[in-house]
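Notes to accompany the following structure.
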Amino acid sequence: MSNPPVIAAVDGSDHSLRALEWARTAALSRGTGLLVAHVLPDVSQLYAGRRSSLHDPNEPERFADPVGDYVRGVLEAAPELPREVRYEALEGSVPEALRVIAAEAAPTMLVMGSRGRGGFATLLLGSNSRAVATTATCPVVVVPHADRDAPRADAPGGAPGGAPGGGAPGTDPHGTDPHGAGASAGRVVLGLHAAETPEDVLLFAFAEAAARGTTVQVVSAYAVPPGPTLIVDSPFQVIPPEALADDGDAVPAEREMLRSQTQRLAPLRTRYPDVPVEQAAVPGDAAGRLVDASRTAALVVVGRHHPRRRSLLMGSVANAVLQHAHGPVAVVPALHPDEDA
């Protein structure tokens, strides 16, 4: 594949087929190829190892691969395919095999379901999804299972996983309303810490919005100092760039956050002049606001962890959003950590 592909990790489960469909449409929107990868079941891996070690020419080269056969059939029935589709059957553990192929293929993103065939049905996030999102060398998009879908007010006909298209009743023609999760409808929502989020995270969000022809909605949170006054939570409002000149009734912390956002976003606006940008500064819990936005967003984009923390642990915001989001979440590592350190 000439351009970096989109990798879809599948295991034949309904969860992974949702991820496969999301990956198919992502590859189409970006004009790139699709690489469908799955890890062979243990019995097939044992057979392949036995045949290789014995060097027995009488043993057939073909071994049972029901997942590969099934997924090929699913894709053949799709209305449109990316310009190139390739299949890879992997050996080893699921997290390690996916990490290896991601390092070798250098994909645009790796897409997988939030749960596979194993584990408990009530799990919010499977161990394989968490392990890959935590350690992969490329952005990982986790598509949640159907049980976590939020009731959608979008018009029918939109692409799976919250692809743009259709507006909610009571919104303007661009699909926005002034408050709450509806303000994120069809957008790419970027969780931004102006001082810490690596540049790769911003670049991924803007590139995805450009490919989808939609808006980047930037959400940052600021701390609320304790005080005697009870602060009642309310839905956040999004602010277009031209409105930032008028501070209005914004509190000082909000004004400062919006200014920091504007400075950080300036190079991205220059690089992607056709991508509309909305900004929101919200008090308190960043993860909770991003989870709310995920109800209608096309995609929520978060950084994996602080670029100066060389840790294998995922950041608290990314972890919480992955656990509870109602739509697809992209976890983006610092692809060039030396530049952000």
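Because only heavy atoms are used, hydrogens play no part in the values below, and waters and symmetry mates are left out as well, while side chains stay in.
Residues that satisfy the side chain to side chain contact (heavy atoms under 4.5 Å, CB included) test with Ala287, not counting sequence neighbours, are Asp285, Val317, Ala320, Val321. For Ser260, the side chain to side chain contact (heavy atoms under 4.5 Å, CB included) criterion is met by Ala194, Glu256, not counting sequence neighbours. Listed by chain and number, the residues in a salt bridge (Lys or Arg N to Asp or Glu O under 4.0 Å) with Glu96 are Arg99 (sequence neighbours excluded). Taking Glu80 as the reference, Arg24, Leu28 meet the side chain to side chain contact (heavy atoms under 4.5 Å, CB included) condition, with sequence neighbours excluded. Checked against side chain to side chain contact (heavy atoms under 4.5 Å, CB included), Ala318 has the following partners two or more places apart in sequence or in another chain: Val302, Met314. Every residue two or more places apart in sequence or in another chain that forms a side chain to side chain donor-acceptor pair (under 3.5 Å) with Ser220 is listed here: Gln261.
Within the 4.5 Å cutoff, no side-chain heavy atoms of Asp69 are placed close to those of Pro66. Residues Tyr87 and Val10 form no side-chain contact, since every pair of their non-hydrogen atoms from C-beta on lies 4.5 Å or further apart. Annotation: side chain of Arg130 is not in contact with side chain of Leu322 (no heavy-atom distance under 4.5 Å).
Taking every heavy atom of both residues into account, Thr215 and Pro276 meet most closely at CG2-O, 3.3 Å. The two residues Leu110 and Ala9 have their closest heavy-atom pair at CD2-CB, 4.2 Å. Of all non-hydrogen atoms in Pro107 and Cys138, the two that sit nearest each other are CG-SG, 3.7 Å. Contact record, Pro328 with Val141: CB-CG1, 4.1 Å, taken as the closest heavy-atom pair. Nearest heavy-atom pair across Phe204 and Ala330 is CE2-CB, 3.5 Å. Between Glu88 and Leu35 the shortest heavy-atom distance is CG-CD2, 3.7 Å.
How far CG of Leu20 is from CE of Met112: 13.0 Å, rounded to the nearest 0.5 Å. Between the OH atom of Tyr272 and the CG atom of Leu202 there is a distance of 10.5 Å, given to the nearest 0.5 Å. Here Leu90 contributes atom CG and Ile101 contributes atom CD1; the two are 4.5 Å apart, rounded to the nearest 0.5 Å. If you take CZ on Arg30 and CD on Glu208, they are separated by 4.5 Å, rounding to the nearest 0.5 Å. Taken from CD in Glu104 to CD1 in Ile7, the straight-line distance is 9.5 Å, to the nearest 0.5 Å. To the nearest 0.5 angstrom, Leu265 atom CG is 7.5 Å from Leu190 atom CG.
A cation-pi arrangement, defined by a distance under 6.0 Å to the six-membered ring centre and an angle within 45 degrees of its axis, is absent between Arg271 and Phe206.
In terms of hydrophobic clustering, with Ile, Leu, Val, Met, Phe, Trp and Tyr side chains grouped at heavy-atom distances under 4.5 Å, Val111 and Tyr70 are assigned to a common cluster. Under a hydrophobic-cluster definition in which Ile, Leu, Val, Met, Phe, Trp and Tyr are linked whenever side-chain heavy atoms come within less than 4.5 Å, directly or via other members, Leu81 and Val6 are assigned to the same cluster.
We find that Glu199 and Arg264 are joined by a salt bridge, their nearest charged nitrogen and carboxylate oxygen being less than 4.0 Å apart.
Using modelled atom types, one side-chain atom of Ser294 and one backbone atom of His326 make a donor-acceptor pair closer than 3.5 Å. A donor-acceptor pair under 3.5 Å links the side-chain atoms of Ser16 to the main chain of Asp11, judged by distance alone. Looking only at distances, no side-chain donor or acceptor of Ser114 sits under 3.5 Å from a matching main-chain atom of Val142. Here the side chain of Arg304 pairs a donor or acceptor atom with the backbone of Ala136 at under 3.5 angstrom. Although no hydrogens or angles enter the test, the distance criterion places a donor-acceptor pair under 3.5 Å between the side chain of Thr214 and the main chain of Gly186.
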Audit row: Leu17, Glu21, side-chain contact (heavy atoms from CB on, under 4.5 Å) steps and yes/no: CA-CA 6 Å; Leu17 294 183; Glu21 175 62 11; over 6 Å; no
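The side-chain contact (heavy atoms from CB on, under 4.5 Å) with Val140 is formed by just one residue from the set Thr134, Thr135, Val132; it is Val132.
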